[in-house]
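Below: one structure, written as structure tokens.
Only this structure's heavy atoms are used, side chains among them; waters, hydrogens and symmetry mates stay out.
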Amino acid sequence: MISLLFAMDRNRVIGKDNDLPWHLPNDLKFFKELTTNQSIIMGRKTLESMNGPLPNRENIVLTRDKHYDQENCMIIHSISELQVMNDKQSDKEWFVIGGENIFRQVLPIADRIYMTFIDESFDGDTFFPEIDESEWVVTSKKEGIVDKRNKYPHIFIQYDRKKF
């Protein structure tokens, strides 16, 4: 199963200057709970924005650069390689975590979306692509708790692709 995992604001912003434009510990906790001991797929810039591979996860970098190498990461060069991995291990969930270009390429083949919707507007330069709502069904929706550390209203939403 190929799943997209991200947080976005009202304007579909997912990043600014290769970083998150907000600080939301609840979202970071949600991310960690979903991805620990799992496989995460990301573009090179996303990996670099995290200062290297995340611990306790299989880090897979999708890049067109055939000479790119990163310690403790598997490198793939196309969406078709991800599809082959998914076909070989169809019982496994693959978490695609960004960035914008990777989301755009993987969205048409994704099975699930985990979105943290932040009900606020931020300045950003990276956006999540439009979703065709007719292709998806909301299977889970949970409001996040707003407190001193989590200042912005947010909702954790899971979408599953409709089976036609």
F6-L47 co-clustered via ILVMFWY side chain contacts under 4.5 Å: no

Side-chain H-bond candidate by donor/acceptor type, H154 with N26, under 3.5 Å: yes

Atom NZ of K16: over 12 foreign heavy atoms under 6.0 Å: yes

M42 reachable from F31 in the ILVMFWY side-chain graph, under 4.5 Å edges: yes

Within one Ile-Leu-Val-Met-Phe-Trp-Tyr cluster: Y114 and V96, side-chain cutoff 4.5 Å: no

Rounded distance (nearest 0.5 Å) linking atom CE of M115 with atom CZ of F156: 12.5 Å

Donor-acceptor contact present, side-chain R12 to main-chain F128, <3.5 Å: yes

E120 vs D9, side chain to side chain contact (heavy atoms under 4.5 Å, CB included): CA-CA, chis, key distance, verdict: CA-CA 6 Å; E120 187 68 49; D9 79 349; 5.5 Å; no

Sidechain-backbone polar pair: N86 side chain, M1 backbone, donor-acceptor under 3.5 Å: yes

Side chain to side chain contact (heavy atoms under 4.5 Å, CB included) evaluation trace for D65 with R44: CA-CA 9 Å; D65 182 347; R44 176 190 50 79; 5.7 Å; no

Positive for side chain to side chain contact (heavy atoms under 4.5 Å, CB included) with L4, one of L107, I131, I102: L107

Under 3.5 Å: donor-acceptor pair, side chain of K141, backbone of I155: no

K88 NZ: over 12 foreign heavy atoms closer than 6.0 Å: no

Cluster link M85 to L62, ILVMFWY, side chain under 4.5 Å: yes

Residues, nucleotides or ligands: over 12 heavy atoms within 6.0 Å of K92 NZ: yes

Neighbour count above 12 (heavy atom, 6.0 Å) for E33 CD: yes

Side-chain ion pair, D160 and R112, N-O less than 4.0 Å: yes

Residues T126 and E100: side-chain donor-acceptor under 3.5 angstrom: no

Side chain to side chain contact (heavy atoms under 4.5 Å, CB included) between Y159 and E133, worked out: CA-CA 9 Å; Y159 294 89; E133 298 279 341; 4.0 Å; yes

Common cluster, W136/V138, ILVMFWY with side-chain heavy-atom separation under 4.5 Å: yes

Between CE on residue M50 and CG on residue N18, distance to nearest 0.5 Å: 10.0 Å

